[in-house]
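First comes the structure, then the notes that go with it.
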Number of protein chains: 2
Amino acid sequence: MGVSVGRKQLWDQADVLARAMRLFRRCGYLGASLRDIEEATGLHPGSLYRVFQSKEGLFCAALDAYNDQVVQGRVRAHLLEPPDPVAGIRSFFTSTFETGLDPDPGCLLTNTAVESFTVPQAAAGVHRGLETIESGFADALTRARALGLLSADLDVEASAARLLALYQGLLVLVRAGAPVTKLHTITDGAMASIGSDKEGQS
Amino acid sequence: MGVSVGRKQLWDQADVLARAMRLFRRCGYLGASLRDIEEATGLHPGSLYRVFQSKEGLFCAALDAYNDQVVQGRVRAHLLEPPDPVAGIRSFFTSTFETGLDPDPGCLLTNTAVESFTVPQAAAGVHRGLETIESGFADALTRARALGLLSADLDVEASAARLLALYQGLLVLVRAGAPVTKLHTITDGAMASIGSDKEGQS
DNA sequence: CCCATAGTTGAACGATCGCTCACAAAAATA
DNA sequence: TATTTTTGTGAGCGATCGTTCAACTATGGG
């Protein structure tokens, strides 16, 4: 069945998608030309088009990879796994602007939602990524409530939706170059709005 | 001094900027070609370039017009003038997604912040617009506190920053096609997070 | 060794991009 | 009316866009 005739593919698809993803996060879909993509990935247009059909196809594949690796990775690391879900939610926010991690390449979900008119097929990917984040918030909130860290009558669904909006807004402000102090203020307010301020509330 | 020799300009600059603004809100800077601009404004490239020097110049002028007209108009109408500042804040949010007003042309500040790499000179305009909104929130919160509608120990500055982030996030979700019920949930949560839920809190 | 197959390469296509400029048309001055 | 000055017009510039494809290179089967 698995015919093994012909030349072997010289490049790793995951690696190429990771490079394309980084370029799209920085420059957006329209801002990244095929020549830029060629330079970033090291692939010539023929190879790109044989596998991904078009620039849009590559973009959608990069968006899927972003969801599967970056988004799910961050959600798992900050929202699902930490024993202290409240601290996890906080670090999910602060990790977007605190130095060291990465020099602000931008969130592909935020950027694509704003650019959405350009690549209609990407809407599904944006929706999927946003839902991953939101259900991550919901999971962390539910766990925190069960641990007694938050009020028992907290509306998890509404709080998760609000945290998602706050998170997207924070990313916009990061892109706009807001000072880190303001981003911290917003994060502190977000934590307080779910009933957990910095000092703890017993 | 004011020499009055030569042909009269046939077009109204404010009207042209309003049309360009609408196009940029919908398509973004990169997504709007000069041919699109020509069609939207009715101006030929010669006239455009004589007055605005470049596509970037036109964009920055449109962004300034957006700040002076749309942003300041909305801030005044919802945050500065209403006798009930709390209701004003709520309508400032809901007016972005409730039907009738406009079919979601997008916020030029949000879009430009995300696209910021493209037109570096636009950063100042984005900053100015965001500050207009944030100080509008601060004004409404201060008035609401003075009226006894909100807790006396409310941190106005922090709440205004959080409302700005929430507002930008809401606009991202609107662009992403989030259902109206979710947008309402987020708005209700935003109001509750400043200490005023739907039913009122005495 | 030769052929069939799969993958790589990069020149080049038509379309469109942002932008320019020579020219025509109007308004004020002489 | 002739002249000067400003504005409108739109063909067309070089550059770059997304995309294609014919030639070339590796691989496995017979």
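Within every chain, numbering begins at 1; the chains are lettered A, B, ... in the order of the sequence lines, protein sequences first and strands thereafter.
- In this structure, Phe93(A) and Tyr167(A) have perpendicular ring planes: the angle between them is above 60°, well past the 30° mark.
- Dashed line: the shortest gap from a side-chain N or O of Ser47(A) to OP1 or OP2 of dT8(C) is under 4.0 Å.
- Counting any heavy atom pair closer than 4.0 Å across all strands shown, Leu48(B) reaches no nucleic acid atom.
- Open room surrounds CD on Glu157(B); 12 or fewer heavy atoms of other groups in view lie less than 6.0 Å from it.
- Nearest-nucleotide positions on DNA chain C for Lys55(B) and Leu10(B) put Lys55(B) closer to the 5' end.
- Of the candidates dA28(C), dG18(C), dG10(D), the closest approach to any side-chain atom of Arg35(B) belongs to dG18(C).
- The side chain of Val5(A) has dA4(C) as its nearest neighbour among dT4(D), dA4(C), dC19(C).
- If Gly6(B) and Pro45(B) are placed on DNA chain C by their nearest nucleotide, the residue sitting closer to the 5' end is Pro45(B).
- A distance of 6.0 Å separates NZ of Lys55(B) from CG of Leu30(B), quoted to the nearest 0.5 Å.
- Here the OG atom belonging to Ser159(B) is positioned 11.0 Å from the CD atom belonging to Glu134(B), to the nearest 0.5 angstrom.
- Taking atom NZ of Lys8(A) as the reference point, atom P of dA4(C) lies 22 Å away to the nearest angstrom.
- Counting to the nearest Å, the C1' atom of dT9(D) and the CD atom of Glu38(B) are 10 Å from each other.
- Distances were taken from every side-chain heavy atom of Arg50(A) (C-beta onward) to each of dT8(C), dG18(D), dT5(C); the shortest belongs to dT8(C).
- Atom P of nucleotide dT8(C) and atom NE2 of His44(A) are separated by 11 Å, given to the nearest angstrom.
- Between Ser33(B) and the phosphate of dC17(C), there is a side-chain N or O to OP1/OP2 separation shorter than 4.0 Å.
- When distances run from any side-chain atom of Gln9(A) to the nucleotides dT8(C), dG29(D), dG12(D), the shortest one goes to dT8(C).
- Remark: P of dC17(C) and CD of Glu56(B) are 17 Å apart, rounded to the nearest angstrom.
- Residue Gln13(B) contributes atom CD, which lies 11 Å from atom P of dG8(D) at whole-angstrom precision.
- In this structure, the nucleotide among dG18(C), dT19(D), dT27(D) sitting nearest to the side chain of Leu34(A) is dT19(D).
- In plain terms, the two heavy atoms of Leu79(B) and Asp139(B) that are nearest each other are O-OD1, 4.0 Å.
- Atom CH2 of Trp11(A) is separated from atom C1' of dG7(C) by 10 Å (rounded to the nearest Å).
- When the nucleotides dG18(C), dC17(D), dT25(D) are ranked by their closest atom to the side chain of Tyr49(B), dG18(C) comes out on top.
- Leu43(A) places its CG atom 9 Å from the C1' atom of dT8(C), with the value rounded to the nearest Å.
- Atoms CG (Leu30(A)) and C1' (dC17(C)) sit 12 Å apart, rounded to a whole Å.
- Candidate nucleotides dA24(C), dG18(D), dG18(C) were compared by shortest atom distance to the side chain of Arg7(B), and dA24(C) ranks first.
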